Amino acid sequence: MKVLVIGNGAREHALAWKILQSPRVSDVYALPGNAGTASIARNISLPLSDIPSIIKKSLELRIDLVVVGPEAPLAAGIVDRFQETGIPAFGPSGAAARLESSKLFARELMQKHGIPCAEGKSFSDYPKAREYLEKQSAPIVVKADGLAAGKGVTVAGTLEEALKALDSIMQARIFGAAGDSVIIEECLVGKEVSLLAFTDGKTTVPMVPACDYKRVFDGDKGPNTGGMGSYSPPGFFGKAMIKQVLNTIIKPTIDAMAKAGYPYQGVLYTGLIMTTGGPKVLEYNARFGDPETQAILPRLKTDLVAIMLAVIDGTLDKLAIQWDADPCVGVVIASGGYPGNYESGLPISISAKLEEDVSIFYAGAINSSDGRVVTDGGRVLTVTASATTMQGARDKVYRNIPHISFKGCHYRKDIALREVS
Ligand code: AMP
Ligand code: GLY
């Protein structure tokens, strides 16, 4: 089989790496890919927004399976376009991807079906939103409705900060049309966890849970990023809790989507917060999470391609999905200055052979014209390590990271620390 992976993050490098382990697969292509996918697959240089050219190229290459990583092409209906051409594509339709691309849509669905989430209100009218917000008290959360590359949410510690966020979304329109509507909701407190699930719309199978670290600095300090690290499994989120979330949140969501006329297939990512009142939904994503995927896929024992084909064929009930018990820890190495301004084009050096069960998944890294791997983004790569214990995985990842460097690089030192101390 020839498989095309769409996207260029560390998530897509990890997906391509796992897909290549399938005995069914002969060739993997990445579009546009990065230096990591170039080392194991063939990169195709096309912009993610050019869906007609992506389809044309896939037909030319006789692709047998397409795997879509990022949210933007999903929301733009790339899976629907592939279906029209008869090429099997893994991921939800554009209409179903609204669970991620419209927080309003997601909130209405949750409220209608009694799925636990934060109390809140939505507004498409700026004066009304402002009037409402002025009467609230901090902390409070302001969210842009649409896709904002993970930057659309402000957890405001003061009312002033919340009003500023509202103004930037609805007045300055920093996220464009994604800020036509906003949600203002209560600030929930608790540990966060990501539970991803494979679903064919009828059968839903959870993956192993993972935690993401969004803030740039140790101790959850500094601004939010695309994610600075992840680990799996979190000790505080055991089998009973997975079952509870599956039965009270994830399955009801999938059923509600089918009932509403938007059957959901692919991966559903549920971002949860463990409040004193039980687990509540923070967000849905219509795809694999980044950096969670880098810590989850090394634990998957079942053929990922077999799972994806079963999702597409609606035969997920026939498959037993198995996971390795060994924990995995992933640490993101970022460019100096990220998430603010940073330099690109810096050579990445690897000074020693990395230990067994240590992987590098590249993100913002490309091959320069002189054949070197150079930085090309804020989050440059994820290093993962697996071991029989979380302590072992954590020690191993931090023992190997010093061999990987580029000018100004930085990373968090506390990924999975709370699991071992
Ligand atoms: P999102 O972009 O929806 O993933 O939200 C980004 C982050 O904002 C989440 O991972 C949480 O850390 C935080 N967040 C979102 N909604 C809330 C809320 N209602 N209460 C507290 N934190 C929140
Ligand atoms: N880790 C959060 C996300 O993938 O959106």
Side-chain angles (χ1 to χ4, degrees), residues 7 9-12 14-15 68-72 74-75 91 97 99-107 110-111 115-122 136 138-157 161-162 165 169 175 178-179 182-196 207 209-216 220-232 234 266-277 279-297 330 332 339 361 363 379 382 415:
R11 166 184 55 202
E12 285 77 17
L15 283 166
V68 187
E71 61 275 19
L74 289 170
L99 265 186
E100 172 170 8
S101 65
S102 171
K103 290 191 191 292
L104 230 80
F105 175 86
R107 163 167 280 281
M110 286 188 276
Q111 279 173 339
I115 295 166
C117 61
E119 293 289 330
K121 271 176 97 77
S122 58
Q136 305 304 307
I140 190 146
V141 181
V142 181
K143 301 183 170 183
D145 170 47
L147 292 180
K151 299 186 181 77
V153 175
T154 300
V155 181
E161 196 189 332
I169 296 169
F175 305 123
V182 293
I183 290 165
I184 299 172
E185 66 182 32
E186 66 173 325
C187 184
L188 299 172
V189 182
K191 283 186 179 140
E192 286 184 38
V193 60
S194 310
L195 187 59
L196 286 67
M207 301 187 204
C211 286
D212 177 12
Y213 288 74
K214 289 191 199 294
R215 303 282 183 149
V216 67
D220 293 330
K221 301 271 177 352
N224 267 332
T225 68
M228 293 298 288
S230 60
Y231 69 88
S232 173
V267 168
L268 179 65
Y269 168 129
T270 309
L272 300 155
I273 186 158
M274 308 304 289
T275 72
T276 49
K280 293 190 176 172
V281 177
L282 285 174
E283 61 161 343
Y284 293 113
N285 292 320
R287 51 172 175 79
F288 285 96
D290 189 338
E292 288 93 334
T293 300
Q294 295 90 294
I296 290 173
L297 288 185
V332 171
F361 295 119
R379 291 189 302 157
T382 306
I415 307 301

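Both counts, for ligands and for their atoms, begin at 1 and track the order of listing. The structure displayed is predicted, hence computed values, not measured ones.
Looking only at heavy atoms of the protein, atom 11 (C) of ligand 1 is closest to E192 OE2, 3.2 Å. Among protein heavy atoms, atom 3 (O) of ligand 1 sits closest to K103 NZ, 3.0 Å. At the top of the distance list for atom 1 (P) of ligand 1, counting protein heavy atoms only, stands E283 OE1, 3.5 Å. Shortest contact from atom 8 (O) of ligand 1 to any protein heavy atom: V153 CG1, 3.5 Å. Scanning the protein heavy atoms around atom 22 (N) of ligand 1, the nearest turns out to be V155 CG2, 3.8 Å. Nearest protein heavy-atom neighbour of atom 5 (O) of ligand 2: R287 NH2, 2.8 Å.
Counting the atoms of ligand 2 from 1 in the order shown, those under 4.0 Å from a heavy atom of E292 are 1 (N), 2 (C). Every atom of ligand 2 with a heavy atom of D212 under 4.0 Å away is listed here by number and element: 1 (N), 2 (C). Per-residue contacts place K143 under 4.0 angstrom from the following atoms of ligand 1 (heavy atoms of the residue considered): 15 (C), 16 (N). Applying the 4.0 Å criterion to heavy atoms of K214 picks out, from ligand 1, the atoms 7 (C), 9 (C), 10 (O). Atom numbering of ligand 2 starts at 1 in the shown order; those under 4.0 Å from a heavy atom of G289 are 4 (O). The distance from ligand 1 to the heavy atoms of A118 drops below 4.0 Å at these ligand atoms: 19 (N). Counting the atoms of ligand 1 from 1 in the order shown, those under 4.0 Å from a heavy atom of C187 are 20 (N), 21 (C). For ligand 1 and E186, the ligand atoms under 4.0 Å from any heavy atom of the residue are 18 (C), 19 (N), 20 (N).
A salt bridge links E185 with R107: at least one charged nitrogen is closer than 4.0 Å to a carboxylate oxygen.
Atom-to-atom distance recorded for L147:CG and E100:CD is 6.0 Å, nearest 0.5 angstrom.
Residue-to-ligand polar distances keep N224 apart from ligand 1: every N/O pair is separated by 3.5 Å or more. Considering backbone and side-chain atoms alike, D290 places an N or O below 3.5 Å from some N or O of ligand 2.
Checking S194 against D212 by side-chain atom types alone, no donor-acceptor pair falls below 3.5 Å. Counted by atom type alone, E292 and S230 present zero donor-acceptor pairs between their side chains at under 3.5 Å.
Counting heavy atoms under 4.0 Å from ligand 1, residue L188 touches it through both backbone and side chain. Contacts between Y269 and ligand 2 below 4.0 angstrom, taking non-hydrogen atoms only, involve the side chain exclusively.
The only option from V153, I273, V193 that meets the side-chain contact (heavy atoms from CB on, under 4.5 Å) definition with L282 turns out to be I273.
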